[in-house]
Amino acid sequence: MPELPEVETMARDLKKAIVGKTIRKVWYDWPKMIHLELENGRRHLGHHPASRTMFGRKLRGLKVVSVSRRAKNVLIGLSGDHILAVHPKMTGHFLSGQWIMRGGKPLPASYGLSRRQAEAIREKVNSYIHFLLWFKDGSMLGYSDARKFGRIIFGAKEKVLGSKELSSLGPEPLGSDLDLPALRKILSSSRGRIKQMLLDQTKIAGIGNIYADEILWTSKVHPLRRANSLSDGEAKALFNNIKKVLTSAIKMRGTSMSDYRDASGESGGYMRLIKVYGREGEPCLRCRMLIKRIVIAARSAHFCPRCQRLA
DNA sequence: AAGCCGACCTGAGGGC
DNA sequence: TGCCCTCAGGTCGGCT
């Protein structure tokens, strides 16, 4: 589900909601999701016998000192130089709320919540809670993930940042590392399709299927073009639109095609600004030609056959 | 080295 | 209603 703008929104929401709070208790019911980076460089999954108690014991008493984002990961900085790195994959998202345990399952509650928030955490899409934190001040943070693809890595800061998942990531598209010369270099060294290049997290980190299609449509570049075949003008347009589309999507608090919700349980507003993704058979918003959908690398790609030429 | 494919999971929506 | 099929915002490991 979430791509850079959605994960950025999650991180900003969490920053307001949990920085300064101390963890009192942890609960989870999908051990495969939990990865513990050990001091000896090895890793335990949450269902490892030693991890079951270790995870909760290690988190208890730690204070949240920061929340940030790297690619599509939310990084929760904890006291003692620990990090929780959460990758929500397709359907994961955080929720501020209140739950009570009933028969080993969390049930939404409403203590101290606004009516709107109490209703939000009861919404179906927010009800797949597999991870919960209780804080000392009585507040709670839930993590809902219908498909259970999400992954939570916990450990010493340098171990987590050095893990294979986080250390192999390319530059942040909105950071100063990705300037025009850097993008030109990435383009010229990529022989594959531009759509695949945009999705390759080791080349640029954070772009996913929706925003790749939006960026290519806005730049008038066909998704099947070879990355190294773009003209100077096309590279410039691509550069500007990577920044423009992602920045605007962050401003609108992301896109909610289906599962994505912010920490208050609300949908993102960028849906209204989507130009091609999911619009197969509908008219192009520039030229009225019907939008096509093809499959590239087992992912759908949407484009306008008139505005985005292959030749 | 790069590219393709299945695996990981569950839910939603469409066709019949 | 229900069954069966397809599709979904993302990686990841294993195989050519």
Side-chain angles (χ1 to χ4, degrees), chain A residues 1-10 28-35 43 45-47 69-74 85-94 123-131 143-153 163-170 173 186 189-216 223-224 226-228 245-246 249-250 252-262 267-271 273-281 293-302:
Chain A
M1 147 213 100
E3 307 179 31
L4 185 152
E6 292 75 34
V7 181
E8 179 67 26
T9 304
M10 290 182 197
Y28 60 96
D29 70 347
W30 192 250
K32 286 177 73 174
M33 175 171 79
I34 310 291
H35 296 226
R43 179 182 283 195
L45 295 183
H47 50 66
R69 177 192 60 75
R70 172 73 172 112
K72 299 169 193 170
N73 297 270
V74 176
V86 183
H87 195 309
K89 298 286 178 77
M90 300 285 268
T91 52
H93 55 276
F94 284 103
E123 195 196 343
K124 185 88 181 172
V125 79
N126 293 331
S127 69
Y128 306 97
I129 304 289
H130 295 294
F131 177 74
Y143 173 76
S144 174
D145 190 345
R147 291 175 75 180
K148 300 194 280 201
F149 284 173
R151 184 209 57 215
I152 299 177
I153 306 176
S163 67
K164 62 180 188 313
E165 290 91 343
L166 291 176
S167 64
S168 59
L169 295 167
I186 296 167
S189 64
S190 304
R191 276 161 301 163
R193 315 289 186 187
I194 184 68
K195 171 73 187 271
Q196 280 174 271
M197 195 218 82
L198 288 174
L199 294 177
D200 185 340
Q201 303 298 298
T202 69
K203 298 203 161 124
I204 302 176
I207 298 172
N209 212 27
I210 294 181
Y211 296 107
D213 282 3
E214 295 301 306
I215 288 164
L216 289 172
L224 285 176
R226 299 273 166 194
N228 60 10
V245 167
L246 296 177
I250 291 172
M252 301 303 286
R253 303 182 57 76
T255 304
S256 300
M257 293 293 298
S258 55
D259 298 65
Y260 175 69
R261 298 293 183 275
D262 69 17
S267 294
Y270 197 72
M271 268 299 274
L273 302 182
I274 288 288
K275 310 291 189 197
V276 272
Y277 186 85
R279 295 194 62 246
E280 181 185 17
R293 174 185 176 275
I294 58 174
V295 174
I296 305 175
R299 319 290 308 278
S300 63
H302 308 76

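Just so it is clear: chains get the letters A, B, ... in the order the sequence lines come, proteins before strands, and each one is counted from 1. Keep in mind the model is a prediction, meaning the values are calculated, not measured.
Annotation for Arg253(A) and Asp262(A): closest pair NH2-OD2, 3.1 Å, computed over non-hydrogen atoms. Among all heavy-atom pairs drawn from Ile207(A) and Glu3(A), the shortest one is C-OE1, 3.9 Å. Between Pro2(A) and Val7(A), the shortest heavy-atom contact is CB-CG2, 3.8 Å.
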Can you tabulate the close N/O pairs, meaning under 3.5 Å, that link protein atoms to atoms of nucleotides 8-11 of chain B?
unit_1: dC8(B); atom_1: O3'; unit_2: Lys32(A); atom_2: NZ; d: 3.0
unit_1: dC9(B); atom_1: OP1; unit_2: Lys32(A); atom_2: NZ; d: 2.1
unit_1: dC9(B); atom_1: O2; unit_2: Arg147(A); atom_2: NE; d: 2.8
unit_1: dC9(B); atom_1: N3; unit_2: Arg147(A); atom_2: NH2; d: 3.2
unit_1: dT10(B); atom_1: OP1; unit_2: Lys148(A); atom_2: NZ; d: 3.0

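Asn228(A) and Ser190(A) form no side-chain donor-acceptor contact under 3.5 Å, judged by distance and modelled atom types alone.
Atom CD in Glu165(A) sits roughly 11 Å away from atom P in dT11(C) (whole-Å rounding). A straight line from CZ of Arg69(A) to C1' of dG10(C) spans 16 Å, rounded to a whole angstrom. Computed from coordinates, the His35(A) NE2 to dT11(C) C1' distance equals 11 Å when rounded to whole Å. Atom C1' of nucleotide dC12(C) and atom CG of Asn73(A) are separated by 14 Å, given to the nearest angstrom. Summarising the geometry, the separation between CE on Met257(A) and P on dG10(C) is reported as 12 Å, rounded to the nearest angstrom. For the pair Lys195(A) NZ and dG3(B) P, the interatomic distance rounds to 16 Å; values are reported in whole Å. Distance CG (Leu4(A)) to P (dG10(C)): 11 Å, rounded to an integer number of Å. Rounded to whole Å, the distance from CD1 on Ile207(A) to P on dG10(C) is 11 Å.
Atom CD1 of Ile194(A) sits about 10.0 Å away from atom CG of Leu199(A), to the nearest 0.5 Å. Of the inter-residue distances, the one linking Leu4(A) atom CG with Ile250(A) atom CD1 reads 5.5 Å to the nearest 0.5 angstrom.
Put simply, His87(A) has a side-chain N or O that comes within less than 4.0 Å of OP1 or OP2 on dT11(C). Residue Arg151(A) has a polar side-chain atom (N or O) positioned under 4.0 Å from OP1 or OP2 of dC12(C). The side chain of Gln196(A) contributes no N or O atom lying less than 4.0 Å from OP1 or OP2 of dA2(B).
As rounded to the nearest Å, dT6(C) and dG6(B) have P atoms that lie 13 Å from one another. Nucleotides dG14(C) and dC9(B) place their P atoms 16 Å apart, quoted to the nearest Å.
Ser256(A) places a side-chain N or O within 3.5 Å of a backbone atom of Gly268(A) that can act as its donor or acceptor partner.
Across the interface with DNA chain B, nearest-nucleotide mapping of Ala298(A) and Arg191(A) shows Arg191(A) to be the residue nearer the 5′ end.
Counting any heavy atom pair closer than 4.0 Å across all strands shown, Arg293(A) reaches sugar-phosphate atoms only and no base atom.
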Let me have DNA chain C in dot-bracket notation, would you? Count Watson-Crick plus G-U wobble pairs, both distances under 3.5 Å, and use [ ] for pairs crossing earlier ones and | for inter-strand partners. .|||||||.|||||||
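Ring-plane geometry between Trp30(A) and His130(A) is classed as tilted, the angle between the planes lying from 30 to 60 degrees on a 0 to 90 degree scale. Between Tyr270(A) and Tyr211(A), the angle of the ring planes lies from 30° to 60°, which puts this pair in the tilted group.
Residues passing the side-chain contact (heavy atoms from CB on, under 4.5 Å) test with Ser163(A) are Glu37(A), Arg43(A), Ile153(A), Glu165(A), Leu166(A), sequence neighbours excluded.
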